[in-house]
Amino acid sequence: MAQLEVSDFAEAVIARMGDCKDARFKQVMTALVKHVHAFAREVDLTPDEWMAGLQFLTATGQKCDEKRQEFILLSDTLGLSMLVVALDQARGAKALADRPGDKPTEATVQGPFFWPGAPKRELGDDIGEGHGEPTLYHGRVTDTAGKPIADCELDVWSGDHDGFYDMQKGDSMSLRAQFRTDRDGNYRFWSIKPTFYPVPGDGPVGTMLAKMGRHLNRPGHMHMMLQAPGHERLVTHIFVKDSPYLDSDAVFGVRNSLVVDFPKHPPGQAPDGRTMDKPFYTAKYDFRLVPSAR
Ligand code: BEZ
Ligand code: FE
């Protein structure tokens, strides 16, 4: 029997998949085995180092529960989540290449703090609950041809004025809601101007980042998820233009087209007619969704 040497193990593993019936799975596993083996050879991985790696992955799994997803955080902080988002968007752009119209709104990471089933609120409602600096978010949702999308579901969520999400603090939802666009595709709601905040650093991923010499912070952003029949779902953020960390987001999620001015206004009448007795901000952003391929 021919003995396997350092350069042979990857090909031997790949050769065992001859009976694999799922062509895409086989393609993905073949590349995974190739690259993982190449990585071990490149760094000349020692048994102690690999054991430390396995212990790290074990601890990452053990840190996960219904509210804490340490593996997503690992993928996010290694830039892999954002790479997958960007690949998806590039694939979509290719499919749209021969159709007239504007570019769709860029997507970014969903992150671990989306909580399905947020309360349904009316357009113009305030979900800020006096938490921070009041901000009116408004704009229009259209398709890439500019046609308004009525009744588009718009899920929004953010951290509070200290940068903590509701699910990090307890079991009740706050600073999140679901709205629906009006017949002309318009949306508007009040919340807070989001502040920069650190991703959770009290688990194995935090330890890894500290050892890499990296900070944990994300620039201020409002999460938005848009869904309408006949259109691709969009998961994105609006980033605050004057926020720190726009150039070094811990999860690499910033896209220039998503960075938005938050002008500050003195007390008085807001653009939606509300009378404000303290200064407030506005953030205007128009979204463009991709019509579904099917
Ligand atoms: C967030 O923006 O909520 C987030 C994204 C990735 C990792 C941690 C938090
Ligand atoms: Fe966030």
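This structure is a prediction, so every number in the text was calculated from the model and none was measured. As a basis for the values below, the full set of heavy atoms in this structure was taken, side chains included, without hydrogen atoms, waters or symmetry mates.
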Notebook entry, point to check: Closest approach of Ile192 and His161, non-hydrogen atoms and distance?
Noted result: CD1-N, 3.8 Å
Notebook entry, point to check: Closest heavy-atom contact between Thr282 and His138?
Noted result: CB-NE2, 4.5 Å
Checklist line | Pairwise distance OG1(Thr60) to CD(Gln69) - rounded to 0.5 angstrom | finding: 10.0 Å
Next item on the list: Identify the heavy atoms of Phe25 and Cys20 that sit nearest to each other, and give their distance.
Entry: CD2-SG, 3.9 Å
Check: Tracing side-chain links under 4.5 Å among I, L, V, M, F, W and Y, which residues wind up in one group with Met173?
Finding: Phe113, Phe114, Trp115, Trp157, Tyr165, Met167, Tyr197, Met225, Val235
Checklist line | Flag, side chain of Thr77 to backbone of Leu74, donor-acceptor distance under 3.5 Å | finding: yes
Notebook entry, point to check: Taking Glu5 for the side chain and Ser7 for the main chain, is one N or O donor matched with an acceptor at less than 3.5 Å?
Noted result: no
Next item on the list: Looking only at non-hydrogen atoms, find the nearest pair between Ala12 and Leu4 and report the distance.
Entry: CB-CD1, 3.8 Å
Check: Has the side chain of Thr135 got a donor or acceptor atom that lies under 3.5 Å from a matching backbone atom of Glu133?
Finding: yes
Check: Is the side chain of Glu122 donor-acceptor paired with the backbone N or O of Asp125 at a distance under 3.5 Å, no angle test?
Finding: no
Checklist line | Val290 vs His231 side-chain heavy atoms within contact, under 4.5 Å | finding: no
Notebook entry, point to check: Donor-acceptor pair, Arg140 side chain versus Asp184 backbone, under 3.5 Å?
Noted result: yes
Notebook entry, point to check: Any ion pair linking Asp65 and Lys63 (charged N to carboxylate O, less than 4.0 Å)?
Noted result: no
Check: With hydrophobic residues grouped by side-chain heavy-atom distances under 4.5 Å, do Val251 and Phe71 end up in a single group?
Finding: yes
Item checked: Partners meeting salt bridge (charged side-chain N to carboxylate O under 4.0 Å, His left out) with Asp8 (sequence neighbours left out) -> none
Item checked: Thr181 vs Leu154 side-chain heavy atoms within contact, under 4.5 Å -> no
Item checked: Lys/Arg-Asp/Glu bridge criterion (N-O < 4.0 Å) met for Arg288, Asp143 -> no
Note to self: Just verifying a value: how many Å separate Gln27 CD and Thr30 OG1, rounded to the nearest 0.5 Å?
What the structure shows: 8.0 Å
Check: Linking I/L/V/M/F/W/Y whenever any side-chain heavy atoms sit under 4.5 Å apart, do Val109 and Ile72 land together?
Finding: no
Notebook entry, point to check: Please walk me through it: do Asp166 and Arg176 pass salt bridge (Lys or Arg N to Asp or Glu O under 4.0 Å)?
Noted result: CA-CA 9 Å; Asp166 49 5; Arg176 64 178 75 233; 2.6 Å; yes
Check: Is Val36 linked to Met17 within one hydrophobic cluster, defined over Ile, Leu, Val, Met, Phe, Trp and Tyr using a side-chain heavy-atom separation of less than 4.5 Å?
Finding: yes
Check: Is it the case that more than 12 heavy atoms not belonging to Lys264 sit under 6.0 Å from its NZ atom?
Finding: no
Note to self: A side-chain contact here means heavy atoms from C-beta on lying under 4.5 Å apart; do Val254 and Val259 qualify?
What the structure shows: yes
Check: With side chains defined as the heavy atoms from C-beta onward, is the minimum distance between Asp242 and Lys193 less than 4.5 Å?
Finding: yes
Next item on the list: Would you verify whether the NZ or CZ of Lys169 falls within 45 degrees of the ring axis of Phe164 while also being under 6.0 Å from that six-membered ring's centre?
Entry: no
Check: Are any side-chain N or O atoms of Ser243 and backbone N or O atoms of Gly220, one a donor and one an acceptor, separated by less than 3.5 Å?
Finding: yes
Item checked: Separation between SG of Cys152 and CG of Asp182, rounded to the nearest 0.5 Å -> 11.5 Å
Note to self: Are more than 12 heavy atoms, taken from residues, nucleotides or ligands other than Asn256, located less than 6.0 Å from that residue's CG atom?
What the structure shows: no
Notebook entry, point to check: If you measure from CZ on Arg68 to CD on Gln168, what distance do you get to the nearest 0.5 Å?
Noted result: 8.0 Å
Check: Is the shortest side-chain N to carboxylate O distance from Asp19 to Lys26 below 4.0 Å?
Finding: no
Checklist line | Crowding at CG, Asp247 (>12 non-hydrogen neighbours, <6.0 Å) | finding: no
Checklist line | Inter- and intrachain pairs under side-chain hydrogen bond (donor to acceptor under 3.5 Å, both in side chains), touching residues 203-219, at least two apart | finding: His215-Ser248, Asn217-Tyr245, Arg218-His221, Arg218-His237, Arg218-Asp249
Check: Is it true that the side chains of Glu49 and Thr46 contain a donor and an acceptor less than 3.5 Å apart?
Finding: yes
Item checked: Which residues share a ring-ring contact (aromatic ring centres under 6.0 Å, His included) with His35, sequence neighbours left out -> none
Notebook entry, point to check: Are Leu289 and Leu226 close enough, and set up right, to give a side-chain contact (heavy atoms from CB on, under 4.5 Å), and what steps lead you there?
Noted result: CA-CA 8 Å; Leu289 302 190; Leu226 293 88; 4.1 Å; yes
Item checked: Note, Phe189 side chain near Leu136 side chain (heavy atom, < 4.5 Å) -> no
Next item on the list: Have a look at Glu153 and tell me which of Arg121, Lys120, Arg180 forms a salt bridge (Lys or Arg N to Asp or Glu O under 4.0 Å) with it.
Entry: Arg180
Margin query: How long is the straight-line distance from CG of Asp272 back to CG of Leu123, given to the nearest 0.5 Å?
Written below: 10.5 Å
Note to self: Pair Arg41, Val6 - check side-chain contact (heavy atoms from CB on, under 4.5 Å), show working.
What the structure shows: CA-CA 8 Å; Arg41 288 196 307 271; Val6 163; 3.6 Å; yes
Notebook entry, point to check: When rounded to the nearest 0.5 angstrom, what distance separates CE in Met222 from OG in Ser158?
Noted result: 4.0 Å
Next item on the list: Search all heavy atoms of Gly128 against all heavy atoms of Leu175 and return the closest pair with its distance.
Entry: CA-CD2, 3.8 Å
Checklist line | Student check: side-chain heavy atoms of Leu73 and Val199 closer than 4.5 Å | finding: yes
Margin query: Using the ring centroid of each side chain, check whether Tyr281 and Phe262 are separated by less than 6.0 Å.
Written below: no
Notebook entry, point to check: Taking the six-membered ring for Trp, is the centroid-to-centroid distance between Phe9 and His37 below 6.0 Å?
Noted result: no
Check: Is there side-chain contact between Ser81 and Ser75, with at least one heavy-atom pair below 4.5 Å?
Finding: yes
Check: Is there side-chain contact between Met224 and Ile238, with at least one heavy-atom pair below 4.5 Å?
Finding: yes
Checklist line | Residues in ring-ring contact (aromatic ring centres under 6.0 Å, His included) contact with Phe287, at least two apart in sequence or another chain | finding: Tyr187, Tyr285
Next item on the list: Flag the pair Asp126 and Arg274 as a salt bridge only when some basic side-chain nitrogen lies within less than 4.0 angstrom of an acidic carboxylate oxygen.
Entry: yes
Note to self: Between Lys147 and Thr142, is the side-chain contact (heavy atoms from CB on, under 4.5 Å) condition met? List the steps.
What the structure shows: CA-CA 5 Å; Lys147 188 166 156 258; Thr142 68; 5.8 Å; no
Report all side-chain donor-acceptor pairs from residues 82-89 shorter than 3.5 Å, counting only partners two or more places apart or in another chain.
{"residue": "Asp88", "atom": "OD1", "partner": "Arg91", "partner atom": "NH1", "Å": "2.8"}
{"residue": "Gln89", "atom": "OE1", "partner": "Ala107", "partner atom": "N", "Å": "2.8"}
{"residue": "Gln89", "atom": "NE2", "partner": "Thr105", "partner atom": "O", "Å": "3.0"}

Next item on the list: Answer yes if Leu209 and Leu78 sit in the same cluster of Ile, Leu, Val, Met, Phe, Trp and Tyr residues linked by side chain heavy atoms under 4.5 Å apart, and no otherwise.
Entry: yes
Notebook entry, point to check: What's the shortest heavy-atom distance between Pro194 and Tyr137, and which atoms?
Noted result: CD-OH, 3.2 Å
Notebook entry, point to check: If Ile, Leu, Val, Met, Phe, Trp and Tyr residues are connected whenever their side-chain heavy atoms lie under 4.5 Å apart, and connections chain through other members, are Leu54 and Leu45 in the same group?
Noted result: yes
